[in-house]
Undergrad: 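Before we start, here is the structure in question, set down as structure tokens.
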Number of protein chains: 2
Amino acid sequence: MTTADGHRAAGGVALNEASSDTKNAPAVTDGRRVKGERRRRALIEATVRVIARDGAAGVTHRTVAREAELPTTATTYYFSSIDALLTAALTQCMEEDSARVEALAAGPGDATGKRRALALLMAEILTSPGHLLAEFELYLLAARRPEQRAATRRWKEALAAFARELTDDPVRVKLFTRAYDGLLLQALLDDEPPTADEFEDLLRELLPDAEADADGKSPG
Amino acid sequence: MTTADGHRAAGGVALNEASSDTKNAPAVTDGRRVKGERRRRALIEATVRVIARDGAAGVTHRTVAREAELPTTATTYYFSSIDALLTAALTQCMEEDSARVEALAAGPGDATGKRRALALLMAEILTSPGHLLAEFELYLLAARRPEQRAATRRWKEALAAFARELTDDPVRVKLFTRAYDGLLLQALLDDEPPTADEFEDLLRELLPDAEADADGKSPG
DNA sequence: CAACTATCGGGACTATCGTTCCACTTTCTA
DNA sequence: TAGAAAGTGGAACGATAGTCCCGATAGTTG
């Protein structure tokens with residue numbers, strides 16, 4: 001078996017560096033693979049930056065490699081195609097976003113505090129509109145391929161988990177899960193980005209405090 | 001330096017909003033221009049179909065021309081660049097969408113009826129997910145260029161006008177305006193599209209019927 | 001009719017794309 | 001230390017992109 005061919009075929013779909021790596025644990029100690037993994041990660045991050053700057057159409061082997069300050073062939077070595085690169089970038093972004101929202105949901109504070117924390121996060125996200133724009137482009141890419149929806153499903157479930165911290169109403173949870181992305185998308189079209197206070201106002205309407213009349217849910 | 005808008009006359013921004021096919025435009029009596037205007041329109045529609053099928057990355061002079069069953073040079077003749085073609089497609093889409101929502105807002109029926117009508121429209125839109133996907137891709141394109149936001153501003157104002165038919169609360173209006181697109185975007189990522197009933201549930205939460213509120217703002 | 005203008009469309013130029021090849025270096029294993 | 005495995009990167013191939021050129025055609029005007 002030729003060396004390059006075999007590795008390339010295996011590396012094309014290797015998107016996992018997570019816990020599913022149990023059977024190949026000793027390979028991680030290989031200095032060559034460690035360095036390779038670092039390059040692979042650098043390419044993914046460079047991809048997101050390229051999309052943020054020039055859009056998904058600007059993603060080519062050459063532009064990504066230049067952004068990562070690597071030779072052109074590095075992209076073809078670590079990713080079997082441009083598509084694999086975009087898929088990896090989407091998975092990475094959804095993972096990061098989900099982790100952030102999950103941390104907020106599981107973190108301390110009552111409903112009001114969590115709402116405030118999310119509003120602050122949204123405002124912070126909008127300080128780099130390019131990155132958000134890149135995520136939306138990758139998002140649309142996933143909408144075309146059902147096999148890529150594992151990443152977006154993960155994100156939706158993270159949103160739902162956050163909403164369930166603030167309400168028991170399933171319709172409210174569904175509404176929040178489906179409306180959240182729209183709030184950020186519309187903000188991208190504003191002439192000036194909304195403030196955290198504005199987001200907090202909207203979130204309060206979306207996920208209001210439990211009413212006094214039909215209470216039954218007390219914190220703690 | 002795209003000064004070569006060519007001899008494409010002043011048709012660059014001439015966006016006819018007429019829903020019916022009025023061909024007796026006062027400015028254009030020249031038979032050549034009439035035919036040309038028909039081609040130009042065919043190219044825009046072909047562009048949307050190409051994006052719906054292959055994404056924005058699939059839009060080239062050649063693919064659009066083939067989709068419209070016209071020679072390659074037709075695209076370069078009527079649009080100074082690919083960018084101009086995409087801009088025209090975005091403007092056209094936003095115009096159509098705005099007109100539909102405005103018709104609903106200005107139409108007959110009470111709040112409940114209008115909410116139901118919008119839910120039906122949303123469900124109908126999702127029967128051609130490709131077209132919706134195309135609109136979102138164009139939407140993101142506009143997010144990168146402030147000079148193109150006239151089209152999206154028009155759309156946002158149409159949404160706000162609809163919301164104001166159902167509520168006087170400015171926060172509610174803002175929330176609806178910013179959440180609506182998200183509802184459709186998330187629906188694209190579902191394994192099966194939501195029904196009109198589901199949308200109606202969400203819209204009822206988003207824009208509830210006016211109720212006597214203890215907050216001091218009472219209708220009447 | 002002819003002159004003129006708008007439209008049409010085949011072809012070609014250059015640039016850049018995705019991808020592959022192959023010689024090379026580094027790292028691990030025995 | 002030898003040899004295999006993994007990674008590296010310059011060069012180039014064919015395909016296709018955007019765009020321009022320029023003659024041909026059709027409608028308008030006088």
Side-chain angles (χ1 to χ4, degrees), chain A residues 1-12 14 24-43 46-47 50 54-87, chain B residues 1-12 14 23 25 27-43 46-47 50-51 54-87:
Chain A
M1 181 177 289
T2 60
T3 60
D5 208 311
H7 178 78
R8 212 168 296 206
N24 208 7
V28 185
T29 62
D30 193 326
R32 296 171 296 185
R33 299 195 104 134
V34 169
K35 188 178 175 189
E37 198 59 29
R38 213 158 41 217
R39 275 201 165 192
R40 206 177 144 278
R41 203 169 187 87
L43 286 169
T47 303
V50 168
D54 307 322
V59 173
T60 71
H61 283 134
R62 289 170 175 85
T63 55
V64 170
R66 199 178 313 133
E67 175 70 30
E69 294 184 334
L70 291 174
T72 305
T73 45
T75 47
T76 65
Y77 183 76
Y78 286 100
F79 298 93
S80 60
S81 69
I82 288 285
D83 223 69
L85 190 56
L86 293 172
T87 301
Chain B
M1 61 178 96
T2 54
T3 60
D5 209 4
H7 43 81
R8 193 160 51 78
K23 58 175 176 292
V28 179
T29 54
D30 193 327
R32 296 170 293 185
R33 301 191 99 126
V34 170
K35 188 178 173 187
E37 199 59 28
R38 213 158 42 218
R39 278 202 162 190
R40 205 176 148 279
R41 200 173 186 86
L43 286 170
T47 302
V50 168
I51 306 179
D54 306 323
V59 173
T60 70
H61 284 132
R62 290 169 174 85
T63 55
V64 169
R66 200 178 311 134
E67 174 69 31
E69 294 183 335
L70 291 174
T72 303
T73 44
T75 47
T76 65
Y77 183 76
Y78 286 101
F79 298 93
S80 59
S81 69
I82 288 284
D83 224 68
L85 189 56
L86 293 172
T87 300

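In the text below, chain A, chain B and the rest are named by the order of the sequence lines, each starting its count at 1.
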Undergrad: Check the distance between C/dT20's P and A/Ile82's CD1 and give it to me in whole angstrom.
TA: 12 Å

Undergrad: Using side-chain contact (heavy atoms from CB on, under 4.5 Å), reason through A/Glu37 and A/Arg40 one step at a time and then give a plain yes or no.
TA: CA-CA 5 Å; A/Glu37 198 59 29; A/Arg40 206 177 144 278; 3.3 Å; yes

Undergrad: Is A/Val64 touching bases, backbone alone, or none of the nucleic acid, heavy atoms closer than 4.0 Å?
TA: nothing

Undergrad: Closest approach to the side chain of B/Lys35, judged atom by atom: which nucleotide of D/dA17, D/dA6, C/dC8 is it?
TA: C/dC8

Undergrad: Distance from B/Thr60 atom OG1 to B/Asp54 atom CG, nearest 0.5 Å?
TA: 9.5 Å

Undergrad: Rounding to a whole Å, what distance do you find between B/Arg40:CZ and C/dC8:P?
TA: 13 Å

Undergrad: Using a 4.0 Å heavy-atom cut-off across all strands, classify A/Thr60 as base, sugar-phosphate, or nothing.
TA: sugar-phosphate

Undergrad: Of the residues in residues 66-73 of chain A, which ones touch DNA chain D at a heavy-atom distance under 4.0 Å?
TA: A/Pro71, A/Thr73

Undergrad: Go through D/dG7, C/dT19, C/dG9 for me and flag the one nearest to the A/Arg62 side chain.
TA: C/dT19

Undergrad: A/His61 NE2 to C/dC17 C1': how many Å, rounded?
TA: 10 Å

Undergrad: My understanding is that only residues two or more places apart in sequence, or in another chain, count here; which of them pass side chain to side chain contact (heavy atoms under 4.5 Å, CB included) with B/Ile82?
TA: B/Val59, B/His61, B/Leu86

Undergrad: Counting side-chain heavy atoms from CB outward, which of C/dT19, D/dT19, C/dT7 is closest to B/Arg33?
TA: C/dT7

Undergrad: Mind checking what makes side chain to side chain contact (heavy atoms under 4.5 Å, CB included) contact with A/Asp83, not counting sequence neighbours?
TA: A/Ser81, A/Thr87, A/Arg145

Undergrad: Rounded to whole Å, please give me the gap between CG in B/Asp83 and C1' in D/dG18.
TA: 12 Å

Undergrad: State, to 0.1 Å, how close B/Ala46 and B/Val64 come at their nearest heavy-atom pair, and which atoms those are.
TA: CB-O, 3.8 Å

Undergrad: Write down the distance between OH (B/Tyr78) and P (D/dC20), rounded to a whole number of angstrom.
TA: 18 Å

Undergrad: Considering just the side-chain nitrogens and oxygens of A/Tyr77, establish if one lies under 4.0 Å of OP1 or OP2 belonging to C/dT19.
TA: no

Undergrad: Compare the minimum distances between each of D/dA6, D/dG9, C/dG18 and the side chain of A/Arg39, then state the nucleotide with the smallest one.
TA: D/dG9

Undergrad: Could you report the tightest heavy-atom contact between B/Thr72 and B/Ala65, atom names first, then the distance?
TA: CA-CB, 3.7 Å

Undergrad: Which atom names give the shortest non-hydrogen contact between A/Gly58 and A/Thr63, and what distance separates them?
TA: O-OG1, 2.8 Å

